[in-house]
Number of protein chains: 2
Amino acid sequence: MEDWEQILTAAGHRITAPRQAIMQVLAQSETPLSPQEILERGLAYHVRLGLVTVYRTLELFEEFGLACRVHLAEGCHGYVLRQPGHRHVLLCQECGRSIEFSGQDDLDTLVARVAARTGYRIADHWLQLFGVCPACQEIET
Amino acid sequence: MEDWEQILTAAGHRITAPRQAIMQVLAQSETPLSPQEILERGLAYHVRLGLVTVYRTLELFEEFGLACRVHLAEGCHGYVLRQPGHRHVLLCQECGRSIEFSGQDDLDTLVARVAARTGYRIADHWLQLFGVCPACQEIET
DNA sequence: TTTTATGCAAAGTTTTTGCACTTTC
DNA sequence: GAAAGTGCAAAAACTTTGCATAAAA
């Protein structure tokens with residue numbers, strides 16, 4: 001049994017064909033996918049998959065930290081799988097490929113400084129970086 | 001003539017009642033507002049204001065860096081006025097109030113480190129902090 | 001008076017809800 | 001077999017487009 005299946009099972013949720021299909025799709029994608037895209041690819045694994053289920057499954061995955069929503073400048077319909085422990089997304093503006101990184105330490109300094117300056121008690125943060133991945137840099141030259 | 005009016009005028013855009021109404025609404029709000037909310041409040045300043053115009057105006061404001069889109073966990077429909085120079089948003093999870101901060105230096109370190117580690121050429125970043133503002137902390141006690 | 005902007009209506013998308021039927025455990 | 005999950009259809013919410021009218025410079 002895979003890791004995510006244990007997490008859901010432990011919370012009383014069931015492992016179903018649609019959920020496995022959606023996880024499969026997310027796991028095989030290097031770029032964030034919209035619910036619509038997930039549906040299209042997911043049909044290959046589960047013919048009767050419906051868009052409604054994709055929405056509900058993404059919500060579930062997000063609730064358990066298995067996937068996270070990626071907000072792009074044009075919209076906010078992308079979802080990517082979330083590696084445990086890692087928190088931030090780095091997106092390539094050319095090809096859309098996304099990787100994750102941690103870099104927690106540096107952020108902690110910043111967060112502490114902002115907290116001290118503003119009086120806010122800071123509970124969470126959300127960082128995304130945008131750039132050009134090594135592969136796309138090569139194409140340019 | 002206000003600053004934003006000069007910016008738009010210089011680019012050949014006109015200062016209209018709807019635009020003034022929307023700017024007024026944004027300026028007076030401490031929390032991010034959705035197009036729908038902007039419409040509702042904007043009607044107080046310009047009775048014939050329409051939702052379509054709100055969308056088009058926000059797009060225009062964003063293009064000129066006058067407003068920016070704020071992405072919240074629940075959705076991504078909020079807009080706030082953007083103070084020049086500042087880049088990041090800090091949101092109160094209790095009351096929704098948002099302030100901006102810069103904190104560029106700390107981020108530069110992080111960005112440089114991530115760039116070195118991943119090989120990405122990082123062009124832009126996007127940081128939002130979430131927490132509890134001083135006022136809401138007092139209410140708790 | 002010329003050009004830009006508006007607002008209505010309508011179309012296009014995206015997301016959510018209700019409910020009977022399936023599937024998992 | 002009971003509870004959780006699915007998928008259809010339909011509704012709701014959000015966003016964009018076309019076009020005739022209105023307003024700004």
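Order of the sequence lines fixes the chain letters, A, B, ..., with proteins taken first and strands second; residue numbering starts at 1 for each chain.
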B:Leu51 near the nucleic acid: base, sugar-phosphate alone, or nothing, with a heavy-atom cut-off under 4.0 Å?
-> base
Could you give the CD1-to-C1' distance, from B:Ile15 to D:dA22, as a whole number of Å?
-> 17 Å
For A:Leu60 and D:dT6, give me the distance from atom CG to atom C1', rounded to whole Å.
-> 13 Å
Whole-Å distance separating the CG atom of A:Leu43 from the P atom of D:dT6 = 14 Å
Straight-line distance of B:Ile7 CD1 to B:Glu63 CD, nearest 0.5 Å = 12.0 Å
Evaluation steps, side-chain contact (heavy atoms from CB on, under 4.5 Å), between A:Tyr45 and A:Gln28 | CA-CA 12 Å; A:Tyr45 302 102; A:Gln28 285 175 9; 2.6 Å; yes
Backbone N/O of A:Gln137 and side chain of B:Arg121: donor-acceptor pair under 3.5 Å | no
To the nearest angstrom, how far is B:Gln36 atom CD from D:dA12 atom P?
-> 15 Å
Between B:Arg56 and B:Ala17, just flag the one whose closest nucleotide in DNA chain D comes earlier from the 5' side.
-> B:Arg56
Round to the nearest Å and state the distance from B:Tyr55 atom OH to C:dT13 atom P.
-> 16 Å
Of the candidates D:dG7, D:dA25, D:dT6, the side chain of A:Thr57 sits closest to D:dT6
B:Arg19 side-chain N/O to C:dT6 phosphate OP1/OP2 under 4.0 Å = yes
Of B:Val52 and B:Thr16, the one whose closest nucleotide on DNA chain D sits nearer the 5' end is B:Val52
In whole angstrom, what separates B:Gln20's CD from D:dA23's P?
-> 14 Å
Using a 4.5 Å cut-off on heavy atoms from C-beta on, say whether the side chain of A:Thr109 contacts that of A:Arg113.
-> yes
Rounded to whole angstroms, how far apart are CZ on B:Arg14 and P on D:dA24?
-> 9 Å
Name the residue closer to the 5' end of DNA chain C, choosing between A:His13 and B:Leu49 according to the nucleotide with the nearest heavy atom.
-> B:Leu49
Find out whether A:Arg19 and A:His13 are in side-chain contact, i.e. whether some heavy atom of one side chain is under 4.5 Å from a heavy atom of the other.
-> yes
Separation of A:Leu39 atom CG from C:dT13 atom P, in whole Å?
-> 16 Å
